[in-house]
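Letters A, B, ... mirror the listed sequences (proteins, then strands); counts begin at 1.
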Number of protein chains: 2
Amino acid sequence: MADKHELRDKGLRLTPQRELVLAAVRALEHATPEEVAEKVKQTHPGINLSTVYRNLETLENVGLVQHSHLGHGGVRYHASTEEIHAHLNCESCGTIIEVPIDATASFTQSLLDGYGFHTDLAHLAIAGRCETCFNMPETFNKP
Amino acid sequence: MADKHELRDKGLRLTPQRELVLAAVRALEHATPEEVAEKVKQTHPGINLSTVYRNLETLENVGLVQHSHLGHGGVRYHASTEEIHAHLNCESCGTIIEVPIDATASFTQSLLDGYGFHTDLAHLAIAGRCETCFNMPETFNKP
DNA sequence: CACTAATTGCGAAAGATTCGCACTTGCCGC
DNA sequence: GCGGCAAGTGCGAATCTTTCGCAATTAGTG
Ligand SMILES: [Mn+2]
Ligand SMILES: [Mn+2]
Ligand SMILES: [Zn+2]
Ligand SMILES: [Zn+2]
């Protein structure tokens, strides 16, 4: 559960909705706002989807959660942790593989050297096919 | 402009709308369906947005255009060329830097070796900040 | 030129996210 | 503890983007 103080410490009011949204993001890993709402409804059935959206934005502003774009679907939220990671998103089965950011360091460095580009690999996923799906071409969903 | 035969050669009917959509994608580079429609309207004001969407899909199915996701905004289409490229998308100013795919080969190889993941860097952009925007923090648009 | 299937235009529908606004509630000071 | 007020919530409507159904049009074929 969300520690009572971490929200207050960020200057946020402590509401049941806000606590539950944060807890849901932590529990679900890479959840859409819709999925977060679904989870929160288990404990607080009356919560409104707007409230979920607003709290996700608020929690992101204070750094407790982050969003990323995994591809066709909508935005997904995950809890901020000390270990930043990139997402490898299989476009056939939707599996997400997390890659520690230092496994990508030489690549991002080369983009900096070659193009002056400061890469944020956490924000957008890297698309592709996982091993399993790659070996079953008939399952290829159109990206 | 679009060569009359290339559409027929793909088994597609040659309609003014279809030709103009293809020409617009080629002229615009990384355009949204909306932008494509806007461009086509200069020559063919009556074109319907649905027709643009349908033609983009059709042209993609025969390989003449491709879409990619640059981030928050919607899908963008560009003409298929022999040189596949990844997109570096500056989240502040929207600039897109194209990176030849072989500049990314050692990275994608490392994802294959480490995770069995077959990467398609053309489909989703790589987010970050261009040199200019990186040096003017006040311009940071929220991603 | 006539026929048929593909394509188009149009309006409505669907899905995702945002907004306006009146009502409620957490929090601060007294 | 209590009151006041700004922050937060619920609700419904508005937006924005993309898709669909269907009747009318049109490209391609012979
Ligand atoms: Mn896609
Ligand atoms: Mn984003
Ligand atoms: Zn997969
Ligand atoms: Zn920039």
Send over the distance from [X] [atom1] to [N] [atom2], rounded to a whole Å.
X	N	atom1	atom2	value
A/E35	C/dT17	CD	C1'	16 Å
B/R13	D/dA27	CZ	P	8 Å
A/L12	D/dA6	CG	C1'	14 Å
B/L56	D/dT19	CG	P	10 Å
B/L20	C/dT8	CG	C1'	14 Å
A/N55	D/dA7	CG	P	15 Å
A/E38	C/dG15	CD	C1'	15 Å
A/H44	C/dT24	NE2	C1'	12 Å

- Would you mind telling me which of B/R76, B/H123, B/H30, B/H78 makes a side chain to side chain donor-acceptor pair (under 3.5 Å) with B/H67? B/H123
Considering only side-chain heavy atoms of [X], which listed nucleotide, [options], is closest?
X	options	value
A/R18	C/dT8, D/dT9, C/dG9	D/dT9
B/L49	C/dT17, D/dT9, D/dT18	D/dT18
B/T51	D/dT9, C/dG9, D/dT29	C/dG9

- Item | Check: B/R54 side chain, C/dG9 base, donor-acceptor under 3.5 Å | yes
- Message: Taking atom types as they are modelled, would you say the side chain of B/S50 forms a donor-acceptor pair with the base of C/dG11 within the 3.5 Å cutoff?
- Response: yes
- Task: Examine the side chains of B/D113 and B/Q109 and answer whether a donor and an acceptor come within less than 3.5 Å of each other.
- Result: yes
Distance below 4.0 Å between [X] side-chain N/O and [N] OP1 or OP2:
X	N	answer
A/T58	D/dG8	no
A/Y53	C/dT18	no
B/N48	C/dG11	no
A/R8	C/dC28	yes
B/Q17	C/dG9	yes

- Joint cluster assignment, A/L7 & A/Y77, ILVMFWY side-chain distance < 4.5 Å: yes
- Message: Quick check: do B/L22 and B/V65 have side-chain heavy atoms less than 4.5 Å from each other?
- Response: yes
- Let me see the working for A/E6 and A/R26 under salt bridge (Lys or Arg N to Asp or Glu O under 4.0 Å), right down to the final yes or no. CA-CA 14 Å; A/E6 68 187 323; A/R26 289 182 170 161; 2.8 Å; yes
- How do A/V75 and B/I47 order along DNA chain C: which one's closest nucleotide is nearer the 5' end? B/I47
